[in-house]
Amino acid sequence: SSTTWAVNFSVEYDEDIFILNSVVADSRFSLAYTESNGKCTVLLYSKTAQNVTVAKGSSIVTFKFTVSDKTQPGMYSIGFKPASSSMVTYSGAIKDMYVDGGTLFYGNKVTYINNGKVVSSEFSAAGDTIHPFDTESTNPDEIFIGWYSPKDKSHDKIFTAPGESFVLGNYDVTLEAIYLEVKTLRGASVYFPN
């Protein structure tokens, strides 16, 4: 005699980019799910006492997300072939799920630091033109001259003066505000023509 099987799996996602709206199962299944701290856990049951045959690659669960303007919104599906009459566990990151035959864009993080504090953080795709904003120091003697990121294993040095831009590669980048301090030395004088 056949026994009913269930599938239990979880999907990790970044709360800064994705807000989970709903999880929908194939009509042959029923499900329950919980969502917390960037993880969606789904328990999927077959609706009949018979084992349900799921072809390899079939989409049996669909997740609907609200996403940032840097990521394509829509329905993202997981598919696999479970073993008959058994519990199947799936654990994977959402960036490995497939959308219309391609991989879901996850995004590269661009972080701005001013005077040792993170002032802005955003996600952009590789190939996007990044236009850093102008900022200013709390020190009146300092003049903002641009954003800088030292060379690391994923990219060369990056420097953008006010009004300049750069093309983002496939990497996260942290930019620090650079200032030029302008002040006279003790005892120095400044003379004007008049």
Side-chain angles (χ1 to χ4, degrees), residues 2-114 117-128 130 132-133 152-155 168-175:
S2 299
T3 54
T4 301
W5 58 265
V7 178
N8 186 16
F9 61 89
S10 63
V11 177
E12 303 275 351
Y13 63 96
D14 191 325
E15 290 182 302
D16 291 336
I17 311 177
F18 303 101
I19 299 173
L20 181 63
N21 292 339
S22 61
V23 180
V24 181
D26 181 293
S27 61
R28 295 169 293 174
F29 306 94
S30 60
L31 61 78
Y33 77 93
T34 58
E35 179 205 358
S36 65
N37 299 322
K39 176 184 282 189
C40 173
T41 301
V42 178
L43 186 57
L44 184 74
Y45 301 91
S46 65
K47 286 185 174 180
T48 67
Q50 302 269 334
N51 289 304
V52 178
T53 300
V54 182
K56 184 176 181 180
S58 294
S59 295
I60 59 173
V61 180
T62 304
F63 301 87
K64 185 172 179 61
F65 292 91
T66 299
V67 295
S68 72
D69 59 2
K70 290 295 183 182
T71 313
Q72 293 181 352
M75 306 294 283
Y76 308 106
S77 300
I78 260 185
F80 57 92
K81 184 177 182 179
S84 296
S85 307
S86 64
M87 180 72 78
V88 179
T89 300
Y90 175 90
S91 180
I94 194 165
K95 63 181 179 180
D96 295 325
M97 300 169 76
Y98 286 96
V99 185
D100 295 329
T103 302
L104 171 65
F105 164 64
Y106 188 65
N108 299 300
K109 196 170 188 178
V110 181
T111 303
Y112 297 88
I113 296 179
N114 188 6
K117 296 181 179 180
V118 175
V119 294
S120 179
S121 184
E122 61 188 39
F123 288 88
S124 295
D128 279 358
I130 305 301
F133 53 90
D152 69 14
K153 62 183 180 181
S154 62
H155 64 79
L168 183 66
N170 190 24
Y171 48 74
D172 294 341
V173 63
T174 299
L175 301 169

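For clarity, every value in this text was computed on a predicted model and none was experimentally measured. Index from 1, following the sequence.
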Exercise. Do the side chain of D152 and the main chain of S154 share a donor and acceptor less than 3.5 angstrom apart?
Worked result: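 Yes, the answer is positive, given that a donor and an acceptor are paired below the 3.5 Å cut-off.
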For this session: Please name the residue in the list V23, V24, L43 that meets the side-chain contact (heavy atoms from CB on, under 4.5 Å) test with L31.
Result: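 Testing L31 for a side-chain contact (heavy atoms from CB on, under 4.5 Å) against V23, V24, L43 leaves exactly one candidate, V23.
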For this session: Could you pull out all residues at least two apart from T41 that satisfy side-chain contact (heavy atoms from CB on, under 4.5 Å)?
Result: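 Here the qualifying residues are N8, S10, T34, K39.
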For this session: Under the side chain to side chain donor-acceptor pair (under 3.5 Å) rule, collect the residues that match up with D26, sequence neighbours excluded.
Result: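 For D26 the side chain to side chain donor-acceptor pair (under 3.5 Å) partners, ignoring immediate neighbours, are R28.
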Exercise. How long is the gap from NE2 on H155 to CG on D172, to the nearest 0.5 Å?
Worked result: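 CG of D172 is found 9.0 Å from NE2 of H155.
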Exercise. With side chains defined as the heavy atoms from C-beta onward, is the minimum distance between N114 and Y112 less than 4.5 Å?
Worked result: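 No, every pair of side-chain atoms sits at 4.5 Å or beyond.
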For this session: Under the ring pair (Phe, Tyr, Trp, His ring centres under 6.0 Å) rule, collect the residues that match up with Y33, sequence neighbours excluded.
Result: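 Result, ring pair (Phe, Tyr, Trp, His ring centres under 6.0 Å) vs Y33: none returned.
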